[in-house]
Amino acid sequence: MHTAYYHSPIGILRVTVTDSYVQEVHFCNDDEKENVVADAALTPLLQQCLDELIEYFQGVRKQFDLPVHQEGTSFQQSVWSELTAIPYGRTISYLELSRRLGDPKAIRAAASTNGKNQVAIIVPCHRVIGSNRELIGYAGGLWRKRWLLEHEKKVHYGVQTLF
């Protein structure tokens, strides 16, 4: 595995890849920031991932072209796959996510799996909000979720609005 750190507009991201796929994009907390040490050399996939994240934050990239892999059950894999189908600049509710998975009663399981996503931004779990249109649940902190959604709305629609 290879790791690099990217100082994004919303904090330090730890990016971990294998030779074949992106395994993690993680928001570092204050404790982790003290131990930030980058690998000496960037692999081609690690460089591509960093480049695409930079383009995302610059408002140039709306879709990622990266191989991603997370360990999980078939249900978890289906949730993470469905997250990547949410269009840039759009949001859906946790209920809508469970409906898209074919079982509206699976809302808690879908929400729990959403929270276990290890590849922030690239697998856009930030695009899932509460049924009442409120921001709920984001491992990176609600302020980051709000920032990401506002960033995408601004880039996509050319206006600064929330949801």
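These figures come from a predicted structure and were not determined experimentally. Note that the numbering runs from 1 along the sequence shown for the chain.
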(Q) Please find the pair of heavy atoms, one from Ser98 and one from Ala106, that lie closest to each other, and give the distance. (A) CB-C, 3.8 Å
Q.
Any non-hydrogen side-chain atom of Asp19 less than 4.5 Å from a side-chain atom of His2?
A. yes
(Q) I'd like to know if the side chain of Lys62 reaches the main chain of Tyr88, judged simply by a donor and an acceptor atom lying under 3.5 Å from each other, with no hydrogens or angles considered. (A) no
Q | Over all atoms of both residues, closest heavy-atom pair of Ala4 and Leu46 | A | CB-CD2, 3.7 Å
Q: Report the distance from atom CH2 of Trp80 to atom OG1 of Thr113, rounding to the nearest 0.5 Å.
A: 6.5 Å
Q: Determine whether Leu53 and Ser8 make a side-chain contact, defined as any pair of heavy atoms from C-beta on separated by less than 4.5 Å.
A: no
Q. Do you see a donor-acceptor pair shorter than 3.5 Å between the side chains of Tyr56 and Glu152?
A. yes
Q. Hey, are the side chains of Met1 and Val17 touching, using non-hydrogen atoms and a 4.5 Å cut-off?
A. no
Q: State the CG-OH distance between Leu50 and Tyr5, to the nearest 0.5 angstrom.
A: 12.0 Å
Q) Looking at side-chain heavy atoms only, is the closest gap between Leu66 and Gln48 below 4.5 Å? A) yes
**Q.** Side-chain heavy-atom pair Val123, Phe64 within 4.5 angstrom cut-off
**A.** no
Q: Identify the two heavy atoms, one from Val15 and one from Cys49, that lie closest to each other, and give their separation to 0.1 Å.
A: CG1-SG, 3.5 Å
Q) What's the shortest heavy-atom distance between Pro67 and Ser20, and which atoms? A) CG-O, 3.2 Å
Q.
Once you measure the plane-to-plane angle for His126 and Tyr138, does it fall in the parallel (<30°), tilted (30-60°) or perpendicular (>60°) bin?
A. perpendicular
Q. So Ile122 and Thr84, side-chain contact (heavy atoms from CB on, under 4.5 Å) or not? Walk me through it.
A. CA-CA 8 Å; Ile122 296 169; Thr84 62; over 6 Å; no
Q | Closest contact, heavy atoms only, Asn117 versus Val119 | A | OD1-N, 3.0 Å
Q | Distance, nearest 0.5 Å, that separates CZ of Phe27 from CD1 of Ile12 | A | 12.0 Å
Q: Going by the side chain to side chain contact (heavy atoms under 4.5 Å, CB included) test, name the single residue among Thr73, Val128, Leu97 that passes it with Val79.
A: Leu97
Q. Side chains of Ile92 and Arg100: does their closest heavy-atom pair fall under 4.5 Å?
A. yes
**Q.** Under 3.5 Å donor-acceptor, Lys145 side chain and Gly140 backbone
**A.** no
Q: Could you tell me whether the side chain of Ser78 and the main chain of Phe75 form a donor-acceptor pair under 3.5 Å?
A: yes
(Q) Please report the interatomic distance SG(Cys125) to NZ(Lys116), rounded to the nearest 0.5 Å. (A) 13.5 Å
Q) Side-chain contact, heavy-atom cut-off 4.5 Å: Trp143 with Leu135? A) no
Q) Taking NZ, NE, NH1 and NH2 as the nitrogens, is one of them in Lys154 or Glu150 under 4.0 Å from a carboxylate oxygen of the other? A) no
(Q) Between Arg127 (side chain only) and Ile86 (backbone N and O only), is there a donor and an acceptor less than 3.5 Å apart? (A) yes
(Q) Tell me every residue that passes ring pair (Phe, Tyr, Trp, His ring centres under 6.0 Å) with Tyr94, counting only those two or more places apart in sequence or in another chain. (A) none
Q) If we only count heavy atoms from C-beta on, is the Trp147 to Leu142 side-chain gap below 4.5 Å? A) no
Q | Atom pair CD1 (Ile136) and CG (Asn114), whose distance is rounded to the nearest 0.5 Å | A | 9.5 Å
**Q.** Side-chain donor/acceptor of Gln77 to backbone N/O of Gln70, under 3.5 Å
**A.** yes
Q: Any chance you could lay out the side-chain contact (heavy atoms from CB on, under 4.5 Å) test for Leu101 and Glu82, step after step, and finish with the verdict?
A: CA-CA 8 Å; Leu101 294 166; Glu82 194 61 47; 4.2 Å; yes
Q) Donor-acceptor pair, Arg14 side chain versus Thr3 backbone, under 3.5 Å? A) no
Q | Residues, nucleotides or ligands: over 12 heavy atoms within 6.0 Å of Gln47 CD | A | yes
Q: With rounding to the nearest 0.5 Å, note down the distance linking CD1 in Ile107 to OG in Ser93.
A: 6.5 Å
**Q.** Ionic contact status for Arg99 with Asp103, cut-off 4.0 Å
**A.** no
Q.
Let me check something: do Ile121 and Tyr21 share a hydrophobic cluster, defined by ILVMFWY side-chain heavy atoms less than 4.5 Å apart, either directly or through other members?
A. no
